[in-house]
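Since the structure comes first, as structure tokens, the remarks are kept for the end.
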Amino acid sequence: MLNELIVRNFTAFESAKFKFCTGLNVIVGANGSGKSHILKLAYSVAKTSYNQKKQSSQSKQVWQKEIANDLLRIFRPEGLGRLARRQQGRSKAQIEVKFEKLKEADFSFSFSTKNSAEVVFESDVPTKFVPAIPIFIPTKELLSLFPGLRALYEGRELSIDETYPDLCARLEHPLLRGPRLENVKSIIEPLEEMAGGEIKSENGKFYLYQNEGGRLEIDLVAEGLRKLSTLAFLLKNGSLTNTTALFWDEPEANLNPLIIKKLAKMLMLLSAKKFQIIIATHSLFLMKELHILNKENKDSKVRYFGLSENENNATIVNTSDDLEDLPFIAALDAELEQTDRFSEALNNNNANN
């Protein structure tokens, strides 16, 4: 599990520390505050750690090359130095990564605005690695785009980041059976009930077998239900376990409130089972629903990271295990202000009638 991510002069951040919990971690902030950047950075370093245990050589040179390559493929900047914070003169980005109960896997590195494709490894070479490859779910659902996307990415120059083919690779895994499948059925069944049926892969395409009968091509299924089905399928094929870090960018995107409530219930279900999940959102509705569910279920664990801008136009981080204690967040305040105006409009309309 990812424990800490400490960044200095990285994109919007001058200096920030993220101490993640085993459970659900919610990063919230306005557009441009760096939510997706932290999510992608955390995924990238966890992916590098996992992939390094397959390397025959564990030299600093190999680590430096792999870290740089992963960052470039996931962020797709014109050069690595573009990820260093913009300020007068030369800037140096520093990243420190720590894992839960796995100190031997910790590492740190840096790069400057002048680096195009190189990082400097600043720690000892790790002797242990992330036990399971992480999973990143992009904002856009992938089940409808799945057929042939990974092969197309590997053979052509596409303007998509590597989180998409990475998820395709996870979805290609064959399904579990026997005791391993039985162990996760208690999580899969509620997910499939929320999604309205069982997700299946047939000849490289996905279908939803509805609870009331009948088969639907995945393209005909509502996008929100596709997102729930994606999680169910990753559990069924063993890609998602409680040793896997799950990263999800704006899971509420294009979902109506009824589906967001189901999404929140699913996230809390996984949190109670000790799955580590890190999401980025600016949905007050989703956060309120998570807060309600967390108060109702003490087995779940939720930690909030509120991103806001300081006087130097740098993003700062406030951390709280209770939504009510999270300081002012502009992205949320706009939604609260709209609620007040809506109530006022209703009251004025009733008074005029």
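Numbers for residues simply follow the sequence, beginning at 1.
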Next on the checklist: Run Thr139 and Glu250 through side-chain hydrogen bond (donor to acceptor under 3.5 Å, both in side chains) and show every step you take.
Outcome noted: CA-CA 6 Å; Thr139 304; Glu250 295 186 15; 4.6 Å; no
Checklist entry - Shortest non-hydrogen contact from Ser112 to Ala84? => result C-CB, 4.4 Å
Next on the checklist: Can you confirm whether the side chains of Glu189 and Ser186 place a donor and an acceptor under 3.5 Å from each other?
Outcome noted: no
Next on the checklist: With a 4.0 Å cut-off on N to O distance, would you call Glu4 and Lys19 a salt bridge?
Outcome noted: yes
Checklist entry - Any Lys/Arg nitrogen of Glu223 or Arg226 sitting under 4.0 Å from an Asp/Glu carboxylate oxygen of the other? => result no
Checklist entry - Looking only at side chains, do Glu104 and Thr127 share a donor and an acceptor under 3.5 Å apart? => result no
Checklist entry - Any side-chain donor-acceptor pair under 3.5 Å between Asp249 and Ser36? => result yes
Checklist entry - Is any NZ, NE, NH1 or NH2 atom of the basic residue among Lys236 and Glu198 found under 4.0 Å from an Asp or Glu carboxylate oxygen of the other? => result yes
Item to check | Carboxylate-amine/guanidinium contact Lys128 Glu100, below 4.0 Å | outcome: no
Next on the checklist: Please give me the minimum heavy-atom distance between Pro77 and Leu72, naming the atom from each residue.
Outcome noted: CD-O, 3.7 Å
Checklist entry - Can a donor-acceptor pair be found between the side chains of Asp219 and Ser144 at a distance below 3.5 Å? => result no
Checklist entry - Going by an N to O cut-off under 4.0 Å, is there a salt bridge joining Lys60 and Asp124? => result no
Checklist entry - Can we say Glu96 and Lys98 salt-bridge, meaning some charged N sits less than 4.0 Å from an Asp/Glu carboxylate O? => result yes
Next on the checklist: What verdict does the side chain to side chain contact (heavy atoms under 4.5 Å, CB included) test give for Val120 and Phe109, after you've listed the backbone C-alpha separation in whole Å, the side-chain angles of each residue and the deciding distance to 0.1 Å?
Outcome noted: CA-CA 5 Å; Val120 176; Phe109 61 94; over 6 Å; no
Next on the checklist: With a 3.5 Å distance limit and no angle check, can you tell me whether Arg170 reaches the backbone of Ile135 through a side-chain donor-acceptor pair?
Outcome noted: no
Next on the checklist: Whether Lys47 and Glu162 form a salt bridge (side-chain N of Lys/Arg under 4.0 Å from carboxylate O of Asp/Glu) is what I want to check.
Outcome noted: yes
Next on the checklist: Can you classify the ring geometry of Trp63 versus Phe121 as parallel (below 30°), tilted (30 to 60°) or perpendicular (above 60°)?
Outcome noted: tilted
Next on the checklist: I need the Leu24 CG to Leu293 CG distance, nearest 0.5 Å.
Outcome noted: 10.5 Å
Checklist outcome for this item: Which of Asp321, Asp325, Asp322 passes salt bridge (charged side-chain N to carboxylate O under 4.0 Å, His left out) with Arg303? It is Asp321
Checklist entry - Above 12 or not: heavy atoms from other molecules or residues under 6.0 Å from NZ of Lys261? => result no
Checklist entry - How far apart are the closest heavy atoms of Leu216 and Gln210, and which atoms are they? => result CD1-NE2, 3.2 Å
Next on the checklist: More than 12 heavy atoms of other residues, nucleotides or ligands under 6.0 Å from NZ of Lys140: yes or no?
Outcome noted: yes
Checklist entry - Side chains of Asp166 and Tyr43: do they bring a donor and an acceptor to under 3.5 Å? => result yes
Checklist entry - Any side-chain donor paired with an acceptor under 3.5 Å for Ser239 and Asn237? => result yes
Next on the checklist: Is the positively charged end of Lys200 above the ring of Phe206, judged by distance under 6.0 angstrom from the centroid and angle within 45° of the axis?
Outcome noted: no
Checklist entry - Where is the tightest heavy-atom contact between Phe146 and Cys168, given as atom of each residue plus distance? => result CE1-O, 3.5 Å
Item to check | Side-chain donor-acceptor pair present, Glu252, Thr281, cut-off under 3.5 Å | outcome: yes
Next on the checklist: Please find the pair of heavy atoms, one from Phe129 and one from Lys53, that lie closest to each other, and give the distance.
Outcome noted: CD1-CB, 3.2 Å
Next on the checklist: Quick check: is Tyr50 connected to Leu41 through a chain of hydrophobic side chains (ILVMFWY, heavy atoms under 4.5 Å apart)?
Outcome noted: yes
Item to check | Distance (rounded to the nearest 0.5 Å) between Leu71 CG and Ser44 OG | outcome: 4.0 Å
